[in-house]
2 protein chains.
Amino acid sequence: MRTSIATVCLSGTLEEKLLACAKAGFDGIEIFEQDLLVSPMSPEEVKAMAQRLGLTLDLFQPFRDFEGVTESQLKANLHRAEAKFQLMNRLGMDLMLLCSNVGTATINDDQVFIEQIRQLSDLAAKYNVRIAYEALAWGKYVDTYQHSWEIVKQVDRANVGLCIDSFHILSRGDDPAEIANIPGEKIFFVQLADAPVLSMDILSWSRHYRLFPGQGGFALDQFLAELVRSGYSGIISLEIFNDVFRQSNVERTAIDGLRSLQWLQSQTAQLLKSNGEQYALELKELPGIQDATGFDFAEIRTEDPELVGGMLAQLGFSFRGQHRRKPVQLWTSGDARIIINSQRSRGVEAAVSGFGVQVLDPGASGERGNSLLATKVPRLRSFNEQELPGFVAPDSTEIFFSSPENTQNWIIEFEEATLPNTGVNDGPILCIDHINLAQPWQCFDESVLFYSSVINLKAQPGTEVPSPMGLVRSQVLSTEDSSVRLALNIVPHGLESAIERNHEYPEHVALRTEDIIGLAKDARARGMEFLQVPANYYEDLAARFDLDSQLLTTLKELHLLYDRDEAGEFLHFYTKTIGNMFLEVVERRSSYDGYGAPNAPVRLASQFESNRWSRNL
Amino acid sequence: MRTSIATVCLSGTLEEKLLACAKAGFDGIEIFEQDLLVSPMSPEEVKAMAQRLGLTLDLFQPFRDFEGVTESQLKANLHRAEAKFQLMNRLGMDLMLLCSNVGTATINDDQVFIEQIRQLSDLAAKYNVRIAYEALAWGKYVDTYQHSWEIVKQVDRANVGLCIDSFHILSRGDDPAEIANIPGEKIFFVQLADAPVLSMDILSWSRHYRLFPGQGGFALDQFLAELVRSGYSGIISLEIFNDVFRQSNVERTAIDGLRSLQWLQSQTAQLLKSNGEQYALELKELPGIQDATGFDFAEIRTEDPELVGGMLAQLGFSFRGQHRRKPVQLWTSGDARIIINSQRSRGVEAAVSGFGVQVLDPGASGERGNSLLATKVPRLRSFNEQELPGFVAPDSTEIFFSSPENTQNWIIEFEEATLPNTGVNDGPILCIDHINLAQPWQCFDESVLFYSSVINLKAQPGTEVPSPMGLVRSQVLSTEDSSVRLALNIVPHGLESAIERNHEYPEHVALRTEDIIGLAKDARARGMEFLQVPANYYEDLAARFDLDSQLLTTLKELHLLYDRDEAGEFLHFYTKTIGNMFLEVVERRSSYDGYGAPNAPVRLASQFESNRWSRNL
């Protein structure tokens, strides 16, 4: 389907917005009147620039507070409308959004609405303008799509149709099923907005918290399916009022928005297919989505590989070799593979720089990433090296796709360079359990959509963790079978003082074992430095859980943390932080499926204390 | 009354929190258990440190999910409670907060609650602990203070009383009047929180958006009056869950919090007095509050006084002289006095650095500022110079108080140094209309309380203005008679790219005239550079208002902006920006009392464009 976006979604000037939309690949844009009004560009210039960029100008919006008014007010409204129709002619635009009256309506009578909209229709016809009538969720008298459709039906003019906006329907909890019964050709325009599940007044929710499809809690694939069923084959557009997007880089936001529409079309096509329904060919499909079956590797960038390598050795990892061509090492234990990369590492003490996931068909995942406008970072190949499609996530993490066979091939690139081969694979760590990535506040929603659309992870319910630097918002994404789990944490805006601003939020790789107590003892014997856990924590554990005193003593001695729920138990510990990263080791007993959330504040406070101490040194 | 604050209000470690509370001057603190749990300090250390700092440890909190449970759950809860009582003994604390059960209660029966709380009372008595029972607004079965009081009455134990929290009562819209009927000695603790008027679920509102008294929309003076009427004379404490405070400088937040309690006591004393009611002497009063009668001056700091002086001359200001001792100039027109200060100005192209307001008794205002913990910045005096009490606002603006007589005295310090005296006072500008100050996001609420408590301005309803950099939150504060008006604007977090981060948000001084058209023509003739207003704006004006075409032409020619409401008309223009400041000239026709809010987006976009152009040069 043709894609469009309202200029109000984006930051910057009107000129910057047009450039960014064209660069991202949108077919057209909606002109939000305010953006034109504050622009030094003349309407003729906007028209010409859009033409040059290959963007259609799809919808002029909003025209407000028109119908249900007194005769004298109607006269003023028609005067105002005529000025806007003339402006639209200069812009070369033919579709105007008419929002149901919120402010000035005083006559609650459908016949009055119909009669007045007919007058608008007559005036619009003189200028070859069509009207798309939209029921706002907080409209004074007209606030449902059923009501706006009833009015449009009775207005019965060729140049008056509907605008359907998912937010105004789903925010009220209304059922979109009746959309399918509206003749598609009477739906003049469609706006698709997602939103987080919040219980607040709809107006504030709408004006500040809308999200691109796939970033919130609305079932937009089902919504779009109803439109397809109606026969609608026009434009799908984004009208997203979001405080963060309005402050973010305009080019990134435009790409994020178009990605959401590509993803949504593909999800909707899948849904219709799985129902055995016919669907419009206009729905753009993406290469087949596939579940990742596990982590391939985690990559740590560091200018000093000895520090990270030492820590891995303490955890029982084996050194598998230097890459035959690059300053890169491979360490493994079980299925956990850690790459230590000292390329492009000047000034980087240590940081989680990327990871790989295994899929059956890496090529298809690569194609999908391309279709979703992800920035490519393919693995550089020399003769006989394994190709892996890769992308840069919004938080700058590099993500690669490989098949189990690919994995065998790239491992060889390390082993064949190493003499003698120290490769053993029987350490106490079994696999990578999850990876925890810090997210700048501007790119959190973009990241959620990136990881769910490009890697096909599902967002789990979010949480918030108190820390000495503020609340840390945390969002887990995982595959259905939990074989790949990511935890995204939004870094607090930071404290005022300069010292505290330098405190970066560390990222980590969590490794799974089946005997954390034995492993911790061995690691301690090898000189591992654990993150210190305060004694008060263990007293609270004793108050909360009826723990065996021997176990409690062991936990305390080894700085292990503990959690328990109905499904099982969770034991874990953290290493000290090196640069901007650390490692976690976890043991999941029975079916425990969480991340020890109650312990996260303990970790954050302890890391803050350590960091403070090192600052004071 | 004794003042206290919960550690959860503040950022940093427990140690940092204690230090900041003591430094601000709180009498005591509430220990939020989580803060202790994540701290490396032992309970004995916390006790000793608090003693050294002169802080009492007033309340251990929270103890959750106790009553209304099954027998086996009760046993576990008593086990948990006993561990906490032992901990409290080590801390030397004797008061625990018991929140009404939110999660685990299954038996909705007051007699069960009473019986189980009596068991807790017996156990607490062994450790000399008292229990303050609080009804949470979202308690499962107990969610009003009337209900919690009914239970406490029937529990009928000396060591069981109430905790009253304003948020849990006012957020539900409950009437606090019945508090006055509770015997004061059965109220063991009082927590005072304000909050902005928001319509969202109470739990989210409570956990993220609470504010210190005076920063939100609750009538806390009336609330505290009910407590005084009950005979309560204990501690008043702050339990404020606020995402921003948790990320802000701990010392500033502590001062902000204590200021709110000092201010609230004084407001409450005034309220009781004005009702002719007796009130407890414990209410701390502040030196008499007085309304400012107008701006005394605005001060612009600049390393190049010629630029700013030139702009003032274009607007018809007269040069009144150099200060006899300092590199400071005075320019006046009517009652508008502008100080151009080039002290401490290296690297400052131009910025609004301070202002003075006139009051009848500057000494009393100075005393009041001191009592409110404002940071002093008294005017430096040499022989025979006028003393003015001054303070630094949270946004770094310097504020001074003077009487009309003081003003005459400090003006002389300029004129006597100037030969020949060019002092004339008949320019077209009549006075300073308002001053617009940028606020860093961390200090917005602090600023609102500062300006309302220290200068006695009243906060008007807030608004939000779209700009190319994001939404700008705007808050006007003014005296009752509008003789002093401030507009505080929160600067958006900013854009990602480095160039855009360098774009600072400019501040401005708005000057009032009675003939803006004449003034604009004269200023243009003198070479004034106006902020450019896009042609599209004037077309929209024509569509919105039935304006005389001659007037419209004049507006467009002179880059004047226009607004109209029921009360009157508003014409205004902006100068170009110098450094980080610009000037506005306004004409208010009839009783127009606003600030041309619909035009603010035009200004912001035009300034953004200008700034972009200058960046590109």
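Numbers restart at 1 for each chain; the letters A, B, ... are given by sequence-line order, proteins then strands.
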Separation between CE (B:Met469) and OG (A:Ser248), nearest 0.5 Å, reads 13.5 Å
The interface call for A:Pro440 against chain B, heavy-atom contacts under 4.5 Å, is neither
Quiz prompt | Backbone N/O of A:Ser39 and side chain of B:Asn536: donor-acceptor pair under 3.5 Å | solution = yes
All heavy atoms of A:Ser11 vs all of B:Pro468, minimum pair found to be CB-O, 3.5 Å
Pair count under 4.5 Å, heavy atoms only, with chain A: among B:Leu604, B:Leu198, B:Val602, B:Leu37, highest is B:Leu37
When the 4.5 angstrom heavy-atom criterion is applied to A:Lys17 and chain B, the contacting part is neither
Query raised in the report: A:His208 versus B:Glu464: any side-chain heavy-atom pair under 4.5 Å?
Result: yes
Contacts of A:Phe66 meeting ring-ring contact (aromatic ring centres under 6.0 Å, His included) (sequence neighbours excluded), chain-then-number -> none
If one checks every heavy atom of A:Glu82 against chain B at 4.5 Å, the contacting part turns out to be neither
Under 4.5 Å to a heavy atom of chain B? For A:Ala542 that would be backbone
Ranked by heavy-atom pairs below 4.5 Å to chain A, first place among B:Ala535, B:Pro466, B:Ser42, B:Pro43 goes to B:Pro466
Okay, A:Gln34 and chain B: the region with an atom under 4.5 Å from a heavy atom over there is side chain
Honestly, the part of A:Arg90 sitting under 4.5 Å from a heavy atom of chain B is side chain
Among residues 72-80 of chain B, those lying within the under-4.5 Å heavy-atom range of chain A are B:His79, B:Arg80
With chain B, the option among A:Ala543, A:Ser467, A:Ala81 that has the most non-hydrogen atom pairs under 4.5 Å is A:Ala543
Exercise for review: With the side chain counted from C-beta on, respond yes when B:Glu609 and A:Val38 share a heavy-atom pair under 4.5 Å apart, and no when they do not.
Suggested key: no
Inset, instruction - Flag the pair B:Lys84 and A:Glu539 as a salt bridge only when some basic side-chain nitrogen lies within less than 4.0 angstrom of an acidic carboxylate oxygen. - result: no
Separation between CZ (A:Phe241) and CG (B:Leu471), nearest 0.5 Å, reads 10.0 Å
